[in-house]
2 protein chains.
Amino acid sequence: MTIKQSILVTVDSVVFTIIQNKLHVLLGKRDIAPFKDMWALPGGFVKDQESIDDAAYRDLAEETAVKDIYLEQLYTFGNPKRDPRGRVVTVAYMAIVARENIAIKAWAYTKEVWFYPVDKLPKLAFDHKDIVYYALKRLQWKLEYTNIAQYLLPKEFPLTELQHVYQIVFAKKFDVRNFRKKIAQLGIIKDTWKMQKWQAYRPAKLYTFVSKKVEIVEVL
Amino acid sequence: MTIKQSILVTVDSVVFTIIQNKLHVLLGKRDIAPFKDMWALPGGFVKDQESIDDAAYRDLAEETAVKDIYLEQLYTFGNPKRDPRGRVVTVAYMAIVARENIAIKAWAYTKEVWFYPVDKLPKLAFDHKDIVYYALKRLQWKLEYTNIAQYLLPKEFPLTELQHVYQIVFAKKFDVRNFRKKIAQLGIIKDTWKMQKWQAYRPAKLYTFVSKKVEIVEVL
DNA sequence: CTAATAGTGTCTCTGAGACACTATCTA
DNA sequence: TAGATAGTGTCTCAGAGACACTATTAG
């Protein structure tokens, strides 16, 4: 091909998890220019031979020790001025993972890596603030219409925990009875016949998701 | 930057319109390799200085004479083997336009340009079949949840026409009374107090959309 | 008055949401 | 038995969907 084009392609991921009943996003502090010392989403350049999805997975695997993560492409941001170094188009991803399934490694271009509460993010590099906002909307949509909440929970969990997930992501409360009624009739989770054991109060039944595959189901 | 990367970025658009009560997609026959003589979506390379959205608009404007078109980014396809010439990532767009607002020009890399019915597409180049499928899903979703149908209709139209649009896109019939009831209570269209004139039967009232802005509204 | 399409109302059933008490466990 | 959380049922109201006839025009 004789096309002249100077565009670089990166991936950036908005990794959501729940810590202490708050929704958090994974960020790293940049230790090189541009935006040195500012916080940014984990990401990196796509390699010539790998698919974009693979690049997103690889990048997260380089920066964290992670398993059972859900990853989906969000949107491609391609404003010519979004990177002061030159033309960089970024394919943004949204990722969802249970806190217990991710550990932070050292990160190539940054010193510090941290989960930040979404409602108290620091100032972000590039257009990453827009990307996080976009990702949050998608996360809410996915919780509303699919069984994806399982990626924010351990395999077996009490119903109360599931409700907490919804309340945290949507930042509002749901009625206990209506919530349980709705979930039950959807048939997306099933009883494990196990119980919580250690509490100083009535132990809850444990449930598990019927299908690990992400399916369209109207939850709320 | 010292990054070595050999990835080219293109845009491809799935342009929908309705012709003779059928949903059609704009295609062009390629007159250069690869996939010479096969049909493909209109598209082209993104220029270094323009945003991706701009590239999609420009490309359509080069290939057609068009006004009042709706364009939205769909998904980015980046399988390393999707283009036999080398690594090409394409940002796919979905476009919606009323037949009267688009005319076909000569097309740079192809001889023939044509609208094809979505249910009778020829074999397509690259992964364009996947892209059309994805775009169709998005089109249906948008009709279901927004007032976007206006882009498939003239400014003033009878309610029957609006219903036809829905029936064509979803390939199923809706009850006349329920459909009109639903649309009326949504308040997305208003009476123009004009009437059709030329028919050999009872003339219909003409309506128009209240807001040109695409808004989230549960239509179906 | 015929042909052709526009336009209109009611009933049933399902599902969403509001709402308060009892059950079970530990210490 | 006190403290803490788990778990459960009913009523009301709104909206979806099924369904058939009358209205208006041109020729």
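Naming: A, B, ... by sequence-line order, numbering from 1 per chain. As the structure is a prediction and not an experimental result, all values here were calculated from the model.
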*Just checking A/Lys205: base, sugar-phosphate only, or nothing, at a heavy-atom cut-off of under 4.0 Å?*
sugar-phosphate
*asked:* Here's a test for you: under side-chain hydrogen bond (donor to acceptor under 3.5 Å, both in side chains), which of A/Lys205, A/Gln196, A/Lys194 qualifies with A/Glu156?
replied: A/Lys194
*Nucleotide D/dA6, atom C1' - distance to CG of A/Leu206 in whole Å*: 12 Å
*Is any side-chain N or O of A/Lys181 under 3.5 Å from a base N or O of C/dG17, one able to act as donor and the other as acceptor?*
yes
*asked:* Quick check: on DNA chain D, is the nucleotide nearest B/Val176 upstream (toward 5') of the one nearest B/Gln185, or the reverse? Name the residue that is more 5'.
replied: B/Gln185
*From the list C/dC25, C/dA4, C/dA6, which nucleotide is the closest neighbour of the side chain of B/Ala204?*
C/dA6
*Nearest-Å distance, CD (A/Glu218) to P (C/dG15)?*
12 Å
*Does a side-chain N-to-carboxylate-O contact under 4.0 Å join B/Lys105 and B/Glu62?*
no
*Between C/dG15 (C1') and A/Phe179 (CZ): distance, integer Å*: 17 Å
*Which ones in residues 152-175 of chain A lie close to DNA chain C, meaning a heavy atom under 4.0 Å from one of its atoms?*
A/Asp175
*asked:* Centroid separation under 6.0 Å, is that true for the rings of A/Tyr166 and A/Phe179?
replied: yes
*Mind calculating the distance between NZ (B/Lys197) and P (D/dT24) to the nearest angstrom?*
18 Å
*Figure out the CD1/P separation between B/Ile183 and D/dA16, and round it to whole Å.*
11 Å
*Are A/Lys155 and A/Asp68 within salt-bridge range, i.e. N to O under 4.0 Å?*
no
*asked:* I need the single residue from A/Ile69, A/Leu71, A/Val214 that forms a side-chain contact (heavy atoms from CB on, under 4.5 Å) with A/Tyr151. Which is it?
replied: A/Val214
*For B/Ala200 and for A/Met195, locate the closest nucleotide of DNA chain D by heavy-atom distance; then report the residue assigned to the nucleotide nearer the 5' terminus.*
A/Met195
*Rounded to whole angstrom units, what separation is found between the CZ atom of B/Arg177 and the C1' atom of C/dC11?*
12 Å
*asked:* Here's a test of your reading of the structure: between B/Arg180 and A/Lys182, which maps to the more 5' nucleotide of DNA chain C?
replied: B/Arg180
*asked:* Taking the basic N atoms (NZ, or NE/NH1/NH2) and the acidic carboxylate oxygens, is any pair closer than 4.0 Å for A/Arg30 and A/Asp37?
replied: no
_Do A/Tyr207 and A/Thr192 make a side-chain contact, defined as non-hydrogen atoms from C-beta onward lying under 4.5 Å apart?_
no
*asked:* Quiz question: going by heavy-atom distance under 3.5 Å, is there a donor-acceptor pair between the base of D/dA23 and the side chain of B/Arg202?
replied: yes
*Find the distance A/Asn178:CG to D/dT12:C1' and express it as a whole number of Å.*
12 Å
